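One structure is given here, and the rest of the page talks about it.
Owing to the predicted nature of the structure, the values given are computational and were not obtained by experimental measurement.
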Amino acid sequence: MPASALAAAAAAAPATPDLSGLPGIAPVGAGPKTPLVFGHRGSSALRPEHTLASYAKAIADGADYVEPDLVSTKDGVLVARHEAFLSETTDVASRPEFAGRRTRKTIDGETHEGWFVDDFTLAELKTLRAIERIPAYRPGSAQYNGMFQVQTFEEIIDFVAAEAAARGRIIGLVPELKHSTYFASVGLPLEDRFLAILGAHDYTRRNPVEIQSFEVANLKYLRGKLGQRANLRLMQLVIGENVRPVDVAAAGGTLTFAQMCTPAGLREIAQYADVVAPPTRSIIPLKKDGSLAAPSSIVDDAHKAGLRIEPWTFRPENHFLAADFRNGAGDTARNEAGSIAEIKRYVATGLDGFFTDDPALGRAAVGA
């Protein structure tokens, strides 16, 4: 649906009260206060990320929320890809009809050579098929290469709504707006298109949505447009480094992520967001030998500021685990027991939720 039509649909949609849930079904978080399990790009340890197969597996394995990272096509349609760069997650490199689209771009400080989403219309993008991003670590997922399309945000909302209705439980959405500053610079701003889609779907007007970004200005803009609603949270993504968010740097500002993670910085985040989401190693850092050190104060600091804390990302392969939890099966091996044990150690610090590439293991770790 074109952005103009979406905006009109959103404007015509009747105002709805702050209600989460489907008829007769309790909203997410209404039961025991266990941490929320976010399916990172779906169940990306087991299926190619951002595909319906990945989302279906995450939901079947107990994810409370599933995550679509959102980028824009050339014709302004929001689709789910981890970033604008298509070469690692689609079969575009094998498509001779698109060989002339190969180019080099620097987006958010990273330079890639290959193919990019904003050089393709939705119709063109739909001819591509998804592939596993890290096949050396996830050969089981790579067996599904070529089977699934790139999905639009609206298709994902419809799919999640159908799954919720079929399963009799609410499934939240945790979309991330990717590269907001970049897409605005090429005439494809994300925010108003995103708002129009939220307003055009009954499911997202009524049910849990947590909106993420590593940028600051877009979250503040969304808060101004959305206000406070019972079914919505805004999530400020951060990294534990002394670098500036892309939008801050573009505007000539000085604020860094490291400053944002201080008690004063967290209090400032709480003025416009509900959640802070740091990398897991900001919560319990690693020692030089790769084992876990003592926890930092960021969980307590976030809670004192009135923020939920929901870090990213737990991955089940030995390569990604702290040394404490690896087994002798090799660097690329899947290690379910180690992943569950690592998640439990982090959950014990007081997390409100967490992202995992394997929601079944996250569900096992929280014991619910």
Side-chain angles (χ1 to χ4, degrees), residues 1 3 6 38-59 63 65-92 107-108 115-134 141 144-164 171-180 182-183 188-191 193-198 200-201 203-204 208-214 218 235 237 312-313 355-357 359:
M1 186 184 296
L6 281 170
F38 296 103
H40 187 237
R41 312 175 199 171
S43 183
S44 54
L46 300 170
R47 304 289 186 271
E49 62 189 43
H50 295 308
T51 61
L52 291 188
S54 187
Y55 296 127
K57 181 63 173 167
I59 292 166
Y65 285 65
V66 293
E67 180 198 38
D69 293 325
L70 300 178
V71 294
S72 179
T73 65
K74 183 178 182 179
D75 48 347
V77 180
L78 299 189
V79 296
R81 291 288 89 193
H82 175 54
E83 55 189 0
F85 188 54
L86 295 173
S87 303
E88 295 177 343
T89 61
T90 73
D91 62 357
V92 64
I107 300 176
D108 294 359
W115 291 263
F116 296 83
V117 67
D118 50 312
D119 293 327
F120 289 77
T121 65
L122 178 63
E124 291 170 333
L125 201 63
K126 282 290 190 178
T127 69
L128 305 180
R129 291 297 180 268
I131 62 172
E132 169 55 43
R133 186 174 55 87
I134 47 174
S141 175
Y144 295 90
N145 283 0
M147 292 180 66
F148 305 108
Q149 289 186 330
V150 175
Q151 300 297 321
T152 71
F153 184 35
E154 292 200 88
E155 289 169 343
I156 293 165
I157 293 171
D158 284 347
F159 178 75
V160 169
E163 285 282 297
I171 301 149
L173 286 153
V174 55
E176 181 183 348
L177 299 183
K178 303 290 294 197
H179 314 310
S180 276
Y182 168 75
F183 281 113
L188 294 167
L190 305 179
E191 289 73 27
R193 290 178 172 87
F194 175 76
L195 289 168
I197 291 169
L198 288 188
H201 289 259
Y203 193 82
T204 47
V209 179
E210 290 202 18
I211 306 163
Q212 321 167 62
S213 181
F214 278 104
N218 56 2
M235 177 188 291
L237 296 163
W312 48 277
T313 302
F355 289 86
T356 172
D357 284 358

Does the pair R133/E83 count as a salt bridge with the N-to-O cut at 4.0 Å?
no

The reported gap from NE2 in H82 to CD in E176 (rounded to nearest 0.5 angstrom) is 7.5 Å

Between K178 and F183, what is the shortest heavy-atom contact and its length?
O-CD1, 3.4 Å

For a side-chain contact (heavy atoms from CB on, under 4.5 Å) check, start with the C-alpha distance between V77 and L125, then their side-chain angles and the critical distance, and finish with the verdict.
CA-CA 11 Å; V77 180; L125 201 63; over 6 Å; no

Nearest 0.5 Å, what's the CG-CZ distance between L198 and F153?
5.0 Å

Please list, chain by chain and in numerical order, all residues satisfying side chain to side chain donor-acceptor pair (under 3.5 Å) with H50, sequence neighbours excluded.
Y55, D69

One pair to check against side-chain contact (heavy atoms from CB on, under 4.5 Å): V160 and Y65. What are the steps and the verdict?
CA-CA 9 Å; V160 169; Y65 285 65; over 6 Å; no

Would you sort out whether D118 and S72 count as a side-chain contact (heavy atoms from CB on, under 4.5 Å), showing the intermediate values?
CA-CA 6 Å; D118 50 312; S72 179; 5.9 Å; no

Measuring only between side-chain heavy atoms, which start at C-beta, is D108 closer than 4.5 Å to F214?
no

Please report the closest heavy-atom contact between L188 and T73, naming both atoms and the distance.
CD1-O, 3.5 Å

Taking all non-hydrogen atoms of both residues, which atom of I171 and which atom of A164 are closest, and how far apart?
CD1-N, 3.6 Å

What distance do T89 atom OG1 and W115 atom CH2 have between them, rounded to the nearest 0.5 Å?
12.5 Å

dist N218:CG -> E191:CD (nearest 0.5 Å) comes out at 5.0 Å

Please say whether more than 12 non-hydrogen atoms of neighbouring residues, nucleotides or ligands are located less than 6.0 Å from OH in Y144.
no

Tightest non-hydrogen contact, residues A45 and S141, listed as O-CB, 4.3 Å

Any side-chain heavy atom of T152 within less than 4.5 Å of one from L78?
no

Matching residue for P68 among I156, V79, I157 - test: side chain to side chain contact (heavy atoms under 4.5 Å, CB included)
I156

What are the two closest heavy atoms between Q149 and T51, and how far apart are they?
O-CG2, 4.4 Å

D91 vs N145, side-chain contact (heavy atoms from CB on, under 4.5 Å): CA-CA, chis, key distance, verdict:
CA-CA 8 Å; D91 62 357; N145 283 0; over 6 Å; no

Please report the shortest heavy-atom distance between V150 and K126, naming the atom on each side.
O-NZ, 2.9 Å

Residues at least two apart in sequence or cross-chain that pass side-chain contact (heavy atoms from CB on, under 4.5 Å) with D158, listed by chain then number, are H201

Among side-chain atoms of D357 and S44, is any donor-acceptor pair under 3.5 angstrom?
yes

Salt bridge (Lys or Arg N to Asp or Glu O under 4.0 Å) with E49: which of K57, R41, R81?
R41

The reported gap from CD in Q151 to CG in L52 (rounded to nearest 0.5 angstrom) is 3.5 Å

Any side-chain donor near an acceptor of the partner, Q212 and E67, under 3.5 Å
yes

May I ask you to decide if S54's main-chain N or O and S43's side chain share a donor-acceptor pair within less than 3.5 Å?
no

Report the relative orientation of the aromatic rings in H179 and Y182; use parallel for angles under 30°, tilted for 30 to 60°, perpendicular for over 60°.
perpendicular

dist L190:CG -> L177:CG (nearest 0.5 Å) comes out at 5.5 Å

